[in-house]
Student: 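Sharing a structure here in structure tokens format.
Positions are given from 1 along the sequence. Every number for a ligand or one of its atoms is a count from 1 in the order of the listing.
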Amino acid sequence: MPAVVVVGAQWGDEGKGKVVDLFSGFSDQVVRYSGGANAGHTMVVQGEKLIFHLIPCGALHPNIDCVLGQGMVVNPEVLIEEIDLLNQRGLFQPSRFLLSDRAHLVMPQHLLIDELRERGKGAIGTTKRGIGPTYEDKVARRGLRVGDLLSPARFRSKLEDNLEVLKPTIVALGGEIPDIAAVFESYMKFGERLKPIIGDASRRVYSALMNGSKVLMEGAQGTMLDIDGGTYPFVTSSSTVAGSACIGAGIGPTHISEVYGVSKAYTTRVGHGPFPSELKGELAEELRERGGEYGATTGRPRRCGWLDIPALRLAVRANGLTGIALTKVDVLTGQDRIQLCVEYELDGKKLEFPPFEDLDRVRAVYQTLPGWKEPLGDCRSIDDLPQNAKKYINVIEKAVQCPVTLLGVGPDREQTIVVRFPFK
Ligand code: GDP
Ligand code: IMO
Ligand code: MG
């Protein structure tokens, strides 16, 4: 059975957690393949809210296999906290979890460097979870990996080498070098805890695919935060697009059959960087409050704006989307008029896609559509939606040339209209 990818189609926080949790009920295995605890994925089940940063959303379904792939950067302390949370609910059985031995470890020095850099003038508005510095060490080939936790001598030697290289950076930023003995001791304890679930994740995913299991791949962050195609340098440090599901899970592209891109019915962004359809003032405040737009990881208020079609077009292209999961349509209830940023204008030219570098200079060009007043929380089929909501969805589908295959009408798992399930 082929694999299905769920990916963020905007600047993150689109509602991937909810979609993955829902589809997990129909899957055999769920795989997180990239990013780290910069992610905050929310699930609401029968009114109860849970946020995972590292554990795949899907873990709440007791029979699903949960994999953390080699493309991730893992802070073991955060992972253990999440495991404890699952344990309290009787949902942690080591046999159904696998953490890739190849995933990179977020170390105290990474957290420190991220934090210190964010105090300076080059701040990106990161989540300060050590993500950038960890991926930097990965590509510089001096990172520490999860599997190293199981070999104390090797871990110690790599830790010493790593700190030796990072020392000048930390000193230049005004920081204090973490104490090697203390870091070693705490990480060895983390290793003891995690040992039962560490292994070859790529092999586990491949076996599942070969056995005909339904494999769901959970993306983190969003297309516009992608290191290559996003709003560089205001991006995260990993590949966030669907192609990275293969690399991060350790399987080939021939296994992917469907890619669902999750997008809000409007746009949000946390952190710095251009945002052409951003709203200011009362309307932004209204969307933020109605949508509960505060970061699931950092609690920061999210910047809010109208739906950005050029960005969504890019997501369709860069991920090869076969469907759009349009979440939070309910949040738009009550607007007299809904604006849709259908293209950009730059120096008198119309643009269908985000340009290189100049996104901060473009002017958003809007199409205005009529709104609706009816609350949508109880809608369970397209037919239940008000006419103007249906029209809004149709206009989006036409503009980006991709069908809307799922609609979110509230935060709860049940508050979803699935037009087409990804596993046939
Ligand atoms: P993720 O990072 O993509 O998983 O998204 P987050 O969890 O960071 O943020 C999405 C927020 O929107 C969470 O608070 C969800 O509970 C909430 N949410 C998801 N889908 C819907 C929806 O259709 N309607 C409403 N009102 N809230 C939603
Ligand atoms: P989920 O998976 C929204 C943003 C940060 C910052 C930039 C770089 O929940 O959608 P980083 O800490 O990664 O170095 O920060 O990326 N960012 C996210 N924004 N949702 C996320 O994850 C994000 N992960 C990182 O706010 O602008
Ligand atoms: Mg999030």
Student: What atoms of ligand 2 come within less than 4.0 Å of a heavy atom belonging to Gly271?
Tutor: 27 (O)
Student: Rounded to the nearest 10 degrees, what's the angle O of Gly40 makes with OD1 of Asp13 at the Mg ion (ligand 3)? Could you check?
Tutor: 160°
Student: Report the part of Trp11 in contact with ligand 2, treating N, CA, C, O as backbone and CB onward as side chain, heavy atoms under 4.0 Å; options are side chain, backbone, both, neither.
Tutor: backbone
Student: Counting heavy atoms only, which of Lys128, Lys16, Arg269 comes nearest to atom 10 (O) of ligand 2?
Tutor: Lys16
Student: Looking only at distances, can you tell me whether any N or O atom of Lys264, backbone or side chain, sits closer than 3.5 Å to an N or O atom of ligand 1?
Tutor: no
Student: Heavy-atom contacts with Gly12 under 4.0 Å: which atoms of ligand 2 show up? List them by number with element.
Tutor: 3 (C), 10 (O), 20 (N)
Student: Within the structure, does Gly40 bring an N/O atom to less than 3.5 angstrom of an N/O atom in ligand 2?
Tutor: yes
Student: Does the structure place the NZ or CZ of Arg317 under 6.0 Å from the centre of the six-membered ring of Phe353, at an angle of no more than 45° from the ring's axis?
Tutor: yes
Student: Report yes if Val331 has an N/O atom closer than 3.5 Å to an N/O atom of ligand 1; otherwise report no.
Tutor: no
Student: Under 4.0 Å from a heavy atom of Val235: which atoms of ligand 2 are those, numbered in the order shown and with their elements?
Tutor: 7 (C), 8 (C)
Student: Is there a polar contact between ligand 1 and Thr327, counting only N or O atoms under 3.5 Å apart?
Tutor: no
Student: Checking a contact table here: which protein heavy atom is nearest atom 4 (O) of ligand 1, and how many Å away?
Tutor: Gly17 N, 2.8 Å
Student: Show me which atoms of ligand 2 lie under 4.0 Å from any heavy atom of Thr126.
Tutor: 6 (C), 11 (P), 12 (O), 14 (O), 15 (O)
Student: With a 6.0 Å cut-off (strictly less than), is the heavy-atom count around CD of Glu82, excluding the residue itself, greater than 12?
Tutor: yes
Student: Counting heavy atoms only, name the option from Gly15, Gly408, Gly410 that's nearest to atom 21 (C) of ligand 1.
Tutor: Gly410
Student: Which residue owns the protein heavy atom closest to atom 24 (N) of ligand 1, what's the atom, and how far is it?
Tutor: Asp330 OD1, 2.8 Å
Student: Where is the nearest protein heavy atom to atom 18 (C) of ligand 2: which residue, which atom, and how far?
Tutor: Leu225 CD1, 3.5 Å
Student: What protein heavy atom is closest to atom 10 (C) of ligand 1, reported as residue, atom name and distance in Å?
Tutor: Asp13 O, 3.7 Å
Student: For ligand 1, note which part of Val329 has a heavy atom under 4.0 Å away: side chain, backbone, both or neither.
Tutor: neither
Student: In ligand 2, which numbered atoms sit nearer than 4.0 Å to a non-hydrogen atom of His41?
Tutor: 1 (P), 2 (O), 9 (O)
Student: What protein heavy atom sits nearest atom 12 (O) of ligand 2, and how far off is it?
Tutor: Thr127 OG1, 2.6 Å
Student: Please identify which atoms of ligand 2 are closer than 4.0 Å to at least one heavy atom of Ala39.
Tutor: 1 (P), 2 (O), 9 (O), 22 (O)
Student: Between Lys328, Lys18, Gln415, which one has a non-hydrogen atom sitting closest to atom 11 (C) of ligand 1?
Tutor: Lys328
